[in-house]
**Student:** 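Supplied in structure tokens, the structure appears directly below.
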Amino acid sequence: MAVVELYTKYNRVWIPDTDEVWKSAEITKDYKTGDSELHLQLEDGTELKYHVDPEKKILPHLRNPDILVAENDLTALSYLHDPAVLHNLKVRFVESKLIYTYCGIILVAINPYKQLPIYGDAIIHAYSGQNMGDMDPHIFAVAEEAYKQMARYCRCSACSFNIGIYFLITQTVAGAHTFFSR
């Protein structure tokens with residue numbers, strides 16, 4: 001299937017916006033190769049004709065289906081581009097109050113600039129012994145996975161030092177410090 005075939009009535013796209021960066025719009029008329037306009041309707045009901053250069057063939061980004069809104073792993077999105085990633089992070093943070101999201105094995109964190117009750121002993125124990133994908137994304141899930149991998153593959157006296165690093169990471173996060181670790 002050619003990409004152009006996805007630009008049909010009722011499918012949704014992201015269009016650039018000077019105020020909101022990206023706005024969602026629904027296609028109201030099938031797009032055909034060579035058309036110079038894409039007929040859209042914004043979420044507020046405004047009808048819009050989006051100019052498409054037939055020579056460059058640059059169409060707006062397609063929007064992910066609603067079932068993928070607030071997905072906890074960005075790699076699960078059908079379309080992985082700037083507006084899709086930003087929208088997913090916005091929904092998780094603003095609407096669901098979740099600061100962590102996975103992107104494969106990478107943990108993406110949004111700084112809320114305030115204390116959150118997500119670093120206490122109960123949370124530490126909840127993630128202890130769990131597999132990384134079994135619970136919501138969290139720094140403790142990453143630390144638990146690192147600890148498991150280290151315990152599984154490290155068979156030397158240096159491991160006792162590494163275990164100390166794991167507890168340091170846990171303590172630092174529990175103290176609500178912000179940091180990046182590789």
Side-chain angles (χ1 to χ4, degrees), residues 6 11-17 19-26 43 60-182:
L6 297 173
N11 278 342
R12 293 178 302 160
V13 295
W14 291 107
I15 57 171
D17 183 71
D19 295 328
E20 297 180 36
V21 183
W22 299 100
K23 272 192 176 179
S24 177
E26 184 176 290
E43 289 181 334
H61 296 293
L62 288 165
R63 186 168 167 175
N64 287 298
D66 285 339
I67 196 164
L68 297 177
V69 171
E71 181 63 40
N72 71 3
D73 190 341
L74 296 173
T75 61
L77 299 177
S78 299
Y79 306 110
L80 190 60
H81 42 62
D82 289 353
V85 169
L86 292 172
H87 179 68
N88 195 71
L89 293 174
K90 177 184 173 185
V91 169
R92 286 183 60 75
F93 180 67
V94 174
E95 295 174 18
S96 301
K97 307 290 187 226
L98 299 168
I99 66 168
Y100 293 116
T101 305
Y102 290 126
C103 185
I105 61 169
I106 297 173
L107 182 67
V108 178
I110 295 178
N111 189 341
Y113 295 103
K114 65 179 182 179
Q115 291 279 7
L116 296 176
I118 60 172
Y119 300 114
D121 288 339
I123 304 296
I124 292 171
H125 292 295
Y127 280 88
S128 181
Q130 300 295 320
N131 291 322
M132 197 160 141
D134 290 348
M135 298 181 71
D136 282 336
H138 198 287
I139 190 67
F140 293 158
V142 174
E144 180 65 24
E145 184 64 23
Y147 177 74
K148 281 186 196 175
Q149 294 295 326
M150 180 193 63
R152 183 177 299 132
Y153 297 110
C154 187
R155 304 276 186 244
C156 62
S157 61
C159 285
S160 60
F161 173 73
N162 290 334
I163 291 170
I165 291 173
Y166 166 75
F167 289 116
L168 175 65
I169 289 171
T170 303
Q171 183 180 14
T172 303
V173 172
H177 296 284
T178 304
F179 69 94
F180 286 99
S181 177
R182 288 186 185 218

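Side chains included, hydrogens not; waters and symmetry mates left out as well; all remaining heavy atoms used. By convention here, the first residue in the shown sequence is residue 1. Values in this document were obtained by computation on a predicted structure and should not be read as measured data.
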**Student:** Check this for me: does any side-chain nitrogen of one of Glu43 and Arg63 sit under 4.0 Å from a carboxylate oxygen of the other?
**Tutor:** yes
**Student:** Roughly how far, to the nearest 0.5 Å, is CZ of Arg92 from CG of Leu89?
**Tutor:** 8.5 Å
**Student:** Which pair of heavy atoms, one from Gly129 and one from Glu144, lies closest together, and at what distance?
**Tutor:** N-OE2, 3.0 Å
**Student:** Checking Lys97 side chain against Val94 main chain: does a donor-acceptor pair fall under 3.5 Å?
**Tutor:** yes
**Student:** Could you give the distance from SG (Cys103) to CG (Leu80), rounded to the nearest 0.5 Å?
**Tutor:** 6.0 Å
**Student:** Check this for me: does any side-chain nitrogen of one of Asp66 and Arg12 sit under 4.0 Å from a carboxylate oxygen of the other?
**Tutor:** yes
**Student:** Any side-chain heavy atom of Pro16 within less than 4.5 Å of one from Val21?
**Tutor:** no
**Student:** Show, in sequence, the C-alpha distance, side-chain angles and deciding distance for Leu74 and Tyr102, and conclude whether the side chain to side chain contact (heavy atoms under 4.5 Å, CB included) test is met.
**Tutor:** CA-CA 6 Å; Leu74 296 173; Tyr102 290 126; over 6 Å; no
**Student:** With a 4.5 Å heavy-atom cut-off, do Asp17 and Trp22 have their side chains touching?
**Tutor:** no
**Student:** Quick check for you: to the nearest 0.5 Å, what is the distance between Lys90 atom NZ and Leu86 atom CG?
**Tutor:** 10.0 Å
**Student:** Specify the closest pair of heavy atoms between Ile123 and Pro117, including all atoms of both residues, with the distance to one decimal.
**Tutor:** CG1-O, 4.4 Å
**Student:** Can you find a pair of side-chain heavy atoms, one from Asn88 and one from Thr101, that are under 4.5 Å apart?
**Tutor:** yes
**Student:** Under the ring pair (Phe, Tyr, Trp, His ring centres under 6.0 Å) rule, collect the residues that match up with His87, sequence neighbours excluded.
**Tutor:** Trp14
**Student:** How about Ile139 and Tyr119: do any of their side-chain heavy atoms sit closer than 4.5 Å?
**Tutor:** yes
**Student:** Evaluate the side-chain proximity of Leu98 to Ile110: yes if any heavy-atom separation is below 4.5 Å, no if none is.
**Tutor:** no
**Student:** Just do the side chain to side chain contact (heavy atoms under 4.5 Å, CB included) check on Asp134 and Met132 with the steps written out, would you?
**Tutor:** CA-CA 6 Å; Asp134 290 348; Met132 197 160 141; over 6 Å; no
**Student:** NZ of Lys148 to CD of Glu145: how many Å apart, nearest 0.5 Å?
**Tutor:** 6.0 Å
**Student:** Determine the minimum heavy-atom distance between Ala84 and Leu77, stating which atoms define it.
**Tutor:** O-CD1, 4.2 Å
**Student:** Heavy-atom count check: over 12 atoms from other residues, nucleotides or ligands less than 6.0 Å from Ile67 CD1?
**Tutor:** no
**Student:** Where do Pro137 and Leu107 come nearest, in terms of heavy atoms and distance?
**Tutor:** CB-CD1, 3.9 Å
**Student:** Quick one: closest heavy-atom pair of Thr75 and Gly104, and the distance?
**Tutor:** CG2-N, 3.4 Å
**Student:** At their closest point, which heavy atom of His61 faces which heavy atom of Pro83, and how far apart are they?
**Tutor:** CD2-CG, 3.6 Å
**Student:** Please examine the side chains of Ser128 and Phe140, heavy atoms only from C-beta on, and report whether any two atoms are closer than 4.5 Å.
**Tutor:** no
**Student:** Classify the ring geometry of Tyr127 against His138: parallel below 30°, tilted from 30° to 60°, perpendicular beyond 60°.
**Tutor:** tilted
**Student:** After noting the C-alpha distance and the side-chain angles of Val108 and Tyr100, does the key distance pass the side chain to side chain contact (heavy atoms under 4.5 Å, CB included) rule?
**Tutor:** CA-CA 6 Å; Val108 178; Tyr100 293 116; over 6 Å; no
